[in-house]
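In what follows, a structure is listed as structure tokens, so that the remarks can point back to it.
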There are 2 protein chains.
Amino acid sequence: MAVQRGRRNGAAVARKLATPDADNAPTAEMPAVTENDEGTRARSIPEAAVARLAVYLRVLSAMAEQGATTVASEELATAAGVNSAKLRKDLSYLGSYGTRGVGYEVSVLVGHIERTLGLTRMHKVAVVGIGNLGHALANYGGFPGRGFPVEALFDVDADLIGVPVGGIPVSHLEDIPRVCRDRGISIGVIATPPTAAQSVCDRLVAGGVQCILNFAPVVLQVPEHVEVRKVDLAVELQILSFYVARRNGMVVG
Amino acid sequence: MAVQRGRRNGAAVARKLATPDADNAPTAEMPAVTENDEGTRARSIPEAAVARLAVYLRVLSAMAEQGATTVASEELATAAGVNSAKLRKDLSYLGSYGTRGVGYEVSVLVGHIERTLGLTRMHKVAVVGIGNLGHALANYGGFPGRGFPVEALFDVDADLIGVPVGGIPVSHLEDIPRVCRDRGISIGVIATPPTAAQSVCDRLVAGGVQCILNFAPVVLQVPEHVEVRKVDLAVELQILSFYVARRNGMVVG
DNA sequence: TCCTGTGAAGCGTTTCACAGCT
DNA sequence: AGCTGTGAAACGCTTCACAGGA
């Protein structure tokens, strides 16, 4: 699965382009310093670090549940699968909330990461394309970790319209803009066949959706203010295939 | 969704550590030059480029279907969502197969990318955890783009054992090592709850599986020779959340 | 003594810009 | 004239190594 986050535009490319994995280049004009509800610096956290913060958050939550109140960088790093220098650097982007000689207070860190990731606010999710995958996503029912309630479902199939899936009735693709606006959807998940993806995407954008998680194997064209991340099974498998092939010396029968 | 590919070990960390997104550092000891069936250089293709090659392949296949025989870097780049310099650099890792003043021959490029990614050989897939997501994955039936047939399914649920899903009967988790070995599974997909993931992973490894695609929100510990990629919905959503928050000036109500 | 926080070095990736072939 | 292929510069991320506080 590849993850995309386009930013730069190529030479003659007008619209924002989405690209897989380590593409993007948060270069030049990053937004100037902005502050969140607590005054935490939220500027210029490297892309890569943001992704890891989410992982630290999960690990920290698990640790908190097991009663840990304090954690050292080495311990947290190991649990999160990174080295401790990277972890400390990542955390330093949030500010200095550790205690030298001791470590970090779990609850404090959880709070700061949540604020930094904008998890103090709900993000309503719409799932488009209620096939196998869409069904699975809709049934997650209130996405992982809470804070991401699924509040709208869409499909083209007339047989599905009105049928509740995971408690929410399916609406028609044409109603995407209206429903998204009415319900204040901020994240759209595209789980349609590739041919439908771009038009679905356009409707989501028309409905005021700011972020899109795209499972369809297509490069979506979106306006600048919309953030796209891509999950591509075929790409993931092919990358794995590359490493098998290389490991096996590439001498294929 | 985050993608992981661990490589370096942190200080006191013995087993390979998996980390999200732009982690890894294919540094130092990359395998020496190896050749594939056609003598194509397969060494030292940057991680990031490999991920993009899979995308180029999809775009090229679509172009071929529409009758294109030749394509220029600018055109292919735009369609793939990257800039043309990056595309040319990526393709140059395969060797020089373009024609100056003209472009690339589509079929030739498709062939070279397929060989480089090891797609000339089948990679049998096992899906573990036949819940909502596992069901969806099993029903993909012969994963995207062919070359990745699903040939084994596993679950703990007694009610599921023996039931065919997408044409393949579900086996018990305990049989993972035997079945994987018998059927020559090379890629394992973990779609279980997080608590089961590590033990499932260990069994897959015991069954000779070389690559794992992990949908469970856990950092898997695997031996060096096993490649793990991770797909994490919660992480993806949280990254999107970060960008919404930043865009909105972080001034949360 | 222990562990955080961080400049600075090291690397990998991206972009630039142009030489070179058709 | 057009487009590829690629050194070299630019950039961002990771790692090192140690200063400095508890």
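Below, read A as the first sequence line, B as the second, and so on, with proteins coming before strands; counting in each chain starts at 1. No experiment lies behind these values; they were computed from the predicted model shown.
- Listed candidates were D/dG5, C/dG5, C/dT13. Nearest to the side chain of B/Glu47 is C/dT13.
- The separation between B/Lys86 atom NZ and D/dT6 atom C1' is 17 Å, rounded to whole Å.
- No side-chain heavy atom of A/Asn214 sits under 4.5 Å from any side-chain heavy atom of A/Cys201.
- In this structure, CG of B/Leu87 is placed 12 Å from C1' of D/dG5, rounded to the nearest angstrom.
- Taking 4.5 Å as the limit, some side-chain heavy atom of A/Leu94 sits within range of a side-chain heavy atom of A/Leu53.
- Checked by atom type and distance alone, the side chain of B/Asn83 never pairs as donor or acceptor with a backbone atom of B/Leu87 at under 3.5 Å.
- A/Leu91 is listed as a side-chain neighbour of A/Tyr104, based on a closest heavy-atom distance under 4.5 Å.
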Practice item. Could you please spell out the steps behind the side chain to side chain donor-acceptor pair (under 3.5 Å) verdict for A/Ser84 and A/Glu74? Key: CA-CA 5 Å; A/Ser84 61; A/Glu74 187 65 44; 3.2 Å; yes

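- At the phosphate of C/dT13, neither OP1 nor OP2 sits under 4.0 Å from any side-chain N or O atom of B/Arg52.
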Show every donor-acceptor pair shorter than 3.5 Å between a side-chain atom in residues 55-68 of chain A and any protein atom, with sequence neighbours excluded, or say none if there are none.
from, atom 1, to, atom 2, distance (Å)
A/Tyr56, OH, A/Asp90, OD2, 2.6
A/Arg58, NE, B/Pro217, O, 3.0
A/Arg58, NH1, B/Asp232, OD2, 2.5
A/Arg58, NH2, B/Asp232, OD2, 3.3
A/Ser61, OG, A/Leu57, O, 2.8

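- In this structure, B/Glu74 places its CD atom 14 Å from C1' of C/dT15, rounding to the nearest Å.
- Following rounding to the nearest Å, B/Tyr93 (OH) and C/dG12 (P) show an atom-to-atom distance of 11 Å.
- Taking atom OH of B/Tyr104 as the reference point, atom P of C/dC21 lies 16 Å away to the nearest angstrom.
- Here the C1' atom of nucleotide D/dT15 and the CG atom of A/Asp90 are 12 Å apart, to the nearest Å.
- Atom P of nucleotide C/dT4 and atom OH of A/Tyr56 are separated by 13 Å, given to the nearest angstrom.
- Across the protein-nucleic acid pair, A/Leu109 atom CG and C/dT4 atom P stand 11 Å apart, rounded to whole Å.
- The side-chain heavy atoms of B/Gln198 and B/Leu220, taken from C-beta on, include a pair separated by under 4.5 Å.
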Practice item. If a protein heavy atom is under 4.0 Å from the base, mark B; if only from the sugar-phosphate, S; if neither, -; do that for nucleotides 16-22 of chain D going 5' to 3'. Key: BB-BBBS

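- When distances are taken from the side chain of B/Ser73 to each of C/dT6, D/dT14, D/dT4, the shortest belongs to D/dT4.
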